[in-house]
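Note that this is a predicted model, so its numbers are computed, not measured.
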Amino acid sequence: MSPAPTPPPSTSTPTSAPASAPRSLARPCAEAGGIDPECAAPARSAVARGPGRSLRLVLCLAPLLFAGGWAAANRPVVYEGFRRLVAADPGWLAAGAGFTCLTWVAASCVRQGALPDPVPPRLLLASQFAAGAANHVLPGGLGAHAVTLRFLRGQGVPLERATASIGLYSLVKSVAKTLVLVVFLAASPARRRLGELIPDGRLLVPLAAGVGGAVTLAGVLLTVVRPLRRPVAGLLRTAVSDARAVHARPRRVLALWGGAAAMPLVQAGALACVGASLGLGLPWEQVVLAHLAAGTAVGAVPAPGGLAVDAALVWTLVAFGSSPAPATATVIGYRVLTDWAPLLPGALVLSALIRRNVV
């Protein structure tokens, strides 16, 4: 009878390495000439956080640096404006400051009225206050539109809807301002003096040629470049759909058109208050008409800070009968009160909104 086979030697796991230990702890991060992805993930995330923090720091400091640089480059203008404002009537200046604050409220109403979905009103008002500082960086209101677009995207609004709301905002604002100007032209006897400010036909020809060329170029691009058709068509569909949705709600209509009509009036009210504080000597209806006419005539000129509007505004006030010195001082004081004085606070608010990921 053959003996029983000998059992194989035991290969049990030593007690020093329990079977329940995690696999990531049982093996090194580098094995067989490679690196464990689980061990390399924290290093990659730490490297990715570095450039992101640097970029956020640059974005937060950029408005402050720009505000300081702009003030340093325009020291004579800033000094002259502030000197005249110090010597002006403080009561009228306080009223002008109140009208200036109402411009941000009116802009917030128009922005909300152009959107079917509600957004936080306090953050919207803060974004419009910060947008004033951004307007000094990009011409034609592009700075304010860029800040508003980032704000809406941060609130979860889709890109097409946010872009369509900006287009509706610009369109309604222009139409409402033109309607208000027509009403003042019909009611004010000073409209005859505006005939001196209308350019002759030689200036209208290149303007019409430029507008026609821009429209033609846009049509050619949409016809030739096929990748542009789909996003443009989607944007137009969203714009039409949102415009219908907005005008189907009475509150949105009131906010959109009421705010757009109130915005040029409160801006002109601030100008009239500054003129009264500096002894401009013109009735308030003529000052409002001058502001509306100058803003409508050259409002589309791509100049940062409203420089073209300021030049036209001085010219219009002089045409209405004011002396050049008080007219220039009024425009400088108006610009100081509405743009330059809020520039640093607006830059601080913009930096705070960027730091909080609001814009």
Side-chain angles (χ1 to χ4, degrees), residues 81 85 88-114 121-122 124-136 141 143-145 147-148 169-185 187-188 253-278 280 282-299 305-306 309-310 312-313 316-317 320 330-343 345-346 349:
L85 283 179
D89 187 352
W92 282 111
L93 289 182
F99 277 109
T100 302
C101 295
L102 290 178
T103 59
W104 303 315
V105 177
S108 301
C109 291
V110 183
R111 296 287 189 186
Q112 178 60 87
R122 294 183 180 179
L124 178 60
L125 181 59
S127 69
Q128 296 310 295
F129 177 65
N135 258 348
H136 290 273
H145 293 330
V147 172
T148 303
Y169 168 89
S170 302
L171 177 62
V172 171
K173 181 181 175 182
S174 301
V175 172
K177 187 174 185 178
T178 304
L179 293 177
V180 174
L181 174 61
V182 170
V183 172
F184 270 84
L185 285 175
S188 176
V253 174
L254 179 60
L256 181 64
W257 289 97
M263 191 179 302
L265 293 178
V266 295
Q267 292 174 345
L271 177 66
C273 291
V274 174
S277 68
L278 296 173
L280 180 62
L282 291 179
W284 70 270
E285 62 272 11
Q286 293 187 10
V287 178
V288 173
L289 181 58
H291 183 275
L292 293 172
T296 304
V298 296
V309 177
D310 292 346
L313 187 53
T316 308
L317 291 175
F320 280 160
T330 298
V331 174
I332 291 177
Y334 168 75
R335 191 58 63 186
V336 168
L337 186 64
T338 58
D339 285 349
W340 300 344
L343 182 59
V349 172

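- Residues L292 and V288 meet the side-chain proximity criterion, which asks for heavy atoms closer than 4.5 Å.
- From C109, atom SG reaches atom CG of L125 across 9.0 Å, with rounding to the nearest 0.5 Å.
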Please test W257 against V175 for side chain to side chain contact (heavy atoms under 4.5 Å, CB included), starting from the C-alpha separation and ending with a verdict. CA-CA 9 Å; W257 289 97; V175 172; 3.9 Å; yes
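- The two residues P342 and L337 come nearest to each other via the heavy atoms CD-O, 3.6 Å.
- Here the closest heavy-atom approach between residue A107 and residue M263 is recorded as CA-CE, 3.4 Å.
- With contacts defined as side-chain heavy-atom distances shorter than 4.5 Å, the pair T330/L282 does not qualify.
- Residue L181 comes nearest to A293 through the heavy atom pair CD1-N, 3.9 Å, listed as atom of the first residue, atom of the second, then distance.
- The OG atom of S174 sits 11.0 Å away from atom CG of L179, with the distance rounded to the nearest 0.5 Å.
- Of the possible donor and acceptor atoms, one in the side chain of S277 sits under 3.5 Å from a partner among the backbone N and O of V274.
- In terms of heavy atoms, V110 sits closest to G259 at CG2-C, 3.3 Å.
- Using a 4.5 Å cut-off on side-chain heavy atoms (C-beta onward), L289 and F320 make contact.
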In sequence, state the C-alpha distance, the side-chain angles, and the governing distance for F129 and V147, and then conclude on side chain to side chain contact (heavy atoms under 4.5 Å, CB included). CA-CA 10 Å; F129 177 65; V147 172; over 6 Å; no
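- Between L256 and A114, the shortest heavy-atom distance links the atoms CD1-N, 3.9 Å.
- Between H145 and S170, the shortest heavy-atom distance links the atoms NE2-OG, 3.4 Å.
- To the nearest 0.5 Å, the span separating CG on L271 from CG on L317 amounts to 6.0 Å.
- Taking the side-chain contact (heavy atoms from CB on, under 4.5 Å) definition, one finds that A270 meets it with F99, T100, Y334, T338, sequence neighbours left out.
- In this structure, L265 CG and L102 CG are separated by 11.5 Å, a value rounded to the nearest 0.5 Å.
- Applying the side-chain contact (heavy atoms from CB on, under 4.5 Å) rule to L124 yields the partners S108, R111, Q112, V119, S127, Q128, F151; only residues at least two apart in sequence or on another chain are considered.
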